[in-house]
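What follows is a short report on a single structure.
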Amino acid sequence: MSLQKKIETDLKQALKNKDKERLEVLRSVKTALSIAKTAKGASKEISEEEEIKILQKLLKQRKESAEIYDQQNRQELAEKEKMEAETIQEYLPKPISDEELTEIIKDIINETGAKTMADMGKVMEVASRQLAGKAEGKLIAAKVKELLS
């Protein structure tokens, strides 16, 4: 089942269960996916990779908002953003462990023949594509820096 169909099914279930919070999050996700499908120059269908990127963007927005609300002592809003982030996280692939990330990046470094920090761009290009949805970009970049220095 595609990600979009799963979200639509869960949205219907949340509607039946009268789960307002979950319903609100799933509607916003569905809207973001619909906007991507109808964007200028986009095809009628979006790939699973694009769906994951959209969800990651939404997740990042929720996490950043929660941090800002925490800094401003707006706990009720921070909790709402955290709950929304948790709901979105359910639809993303399970993040990989630090050990798995290290092994994958070591393999990519060997494949690309990277030796120094000057080669970081080559490694990041391959790693970002390969690890899409499995690890955050900041985490990938930090691991690449660590292994190349």
Are Leu77 and Met83 co-members of a hydrophobic cluster defined by side-chain heavy atoms under 4.5 Å apart?
-> no

Side chains of Ile54 and Val29 in contact at under 4.5 Å (non-hydrogen atoms) | no

With Leu92 via side chain to side chain contact (heavy atoms under 4.5 Å, CB included) - residues at least two apart | Ile52, Leu55, Gln56, Leu59, Gln89

Please check if the side chain of Gln130 supplies one atom and the backbone of Ala127 the other of a donor-acceptor pair under 3.5 Å.
-> no

Closest non-hydrogen contact found for Ala135 with Leu101 is CB-CD1, 4.2 Å

Lys30 versus Leu26: any side-chain heavy-atom pair under 4.5 Å?
-> no

Who pairs with Glu86 by side chain to side chain contact (heavy atoms under 4.5 Å, CB included), at least two apart in sequence or on another chain?
-> none

Under the side-chain hydrogen bond (donor to acceptor under 3.5 Å, both in side chains) rule, collect the residues that match up with Asn17, sequence neighbours excluded.
-> Gln13

Ser28 versus Arg62, side-chain donor and acceptor atoms under 3.5 Å | yes

Residues which pass salt bridge (charged side-chain N to carboxylate O under 4.0 Å, His left out) with Glu99, listed by chain and number, not counting sequence neighbours = none

Distance in Å, Leu131 CG paired with Ile104 CD1, rounded so as to fall on 0.5 Å steps | 5.0 Å

With a 4.0 Å cut-off, would you call Glu84 and Lys82 a salt bridge?
-> no

The side-chain hydrogen bond (donor to acceptor under 3.5 Å, both in side chains) partners of Glu24 (sequence neighbours excluded) come to Lys80

Ile140 CD1 to Ile105 CD1 distance, which is reported to the nearest 0.5 Å = 6.0 Å

Who are the side-chain hydrogen bond (donor to acceptor under 3.5 Å, both in side chains) partners of Glu100, not counting sequence neighbours?
-> Ser97

Check side chain to side chain contact (heavy atoms under 4.5 Å, CB included) between Ala114 and all other residues, then give those that pass, not counting sequence neighbours.
-> Ile109, Thr112, Asp119, Val123, Leu148

How long is the span from the CE atom in Met120 to the OG atom in Ser149, to the nearest 0.5 Å?
-> 9.5 Å

Sequence neighbours excluded - salt bridge (Lys or Arg N to Asp or Glu O under 4.0 Å) pairs with any residue from residues 101-111 = none

List in chain and number order the residues that pass side chain to side chain contact (heavy atoms under 4.5 Å, CB included) with Glu67, two or more places apart in sequence or in another chain; answer none if no residue qualifies.
-> none

Nearest-0.5 Å distance that lies between atom CD in Glu90 and atom CD1 in Ile7 = 10.5 Å

Those residues at least two apart in sequence (or on a different chain) that pass side-chain hydrogen bond (donor to acceptor under 3.5 Å, both in side chains) with Tyr91 are Asp10, Arg22

What do you reckon, is NZ of Lys53 surrounded by more than 12 foreign heavy atoms closer than 6.0 Å?
-> no

What one should report as the nearest heavy-atom pair of Ala85 and Lys63 is CB-CG, 4.4 Å

Contact check, side chains of Tyr69 and Glu81, non-hydrogen atoms, under 4.5 Å | yes

Atom pair CD1/NZ of Ile88 and Lys60 - distance to nearest 0.5 Å | 14.0 Å

Can you list every pair that meets salt bridge (Lys or Arg N to Asp or Glu O under 4.0 Å) and has a residue in residues 139-149, with sequence neighbours left out?
-> Asp98-Lys143, Lys143-Glu146

Nearest heavy-atom pair of Ser34 and Gln4: which atoms, and what distance?
-> OG-NE2, 4.2 Å

Straight-line distance of Thr87 OG1 to Glu21 CD, nearest 0.5 Å = 9.0 Å

Listed by chain and number, what are the salt bridge (charged side-chain N to carboxylate O under 4.0 Å, His left out) partners of Glu125, not counting sequence neighbours?
-> Arg129

Following the transitive rule for hydrophobic clusters with a side-chain heavy-atom cut-off under 4.5 Å over Ile, Leu, Val, Met, Phe, Trp and Tyr, establish whether Ile46 and Ile35 coincide in one cluster.
-> no

Could you walk me through whether Lys6 and Glu8 pass salt bridge (Lys or Arg N to Asp or Glu O under 4.0 Å), step by step?
-> CA-CA 5 Å; Lys6 181 169 177 28; Glu8 287 176 15; over 6 Å; no

Grab the two heavy atoms, one from Ala32 and one from Leu58, that are nearest each other, plus how far apart they are.
-> CB-CD1, 3.9 Å

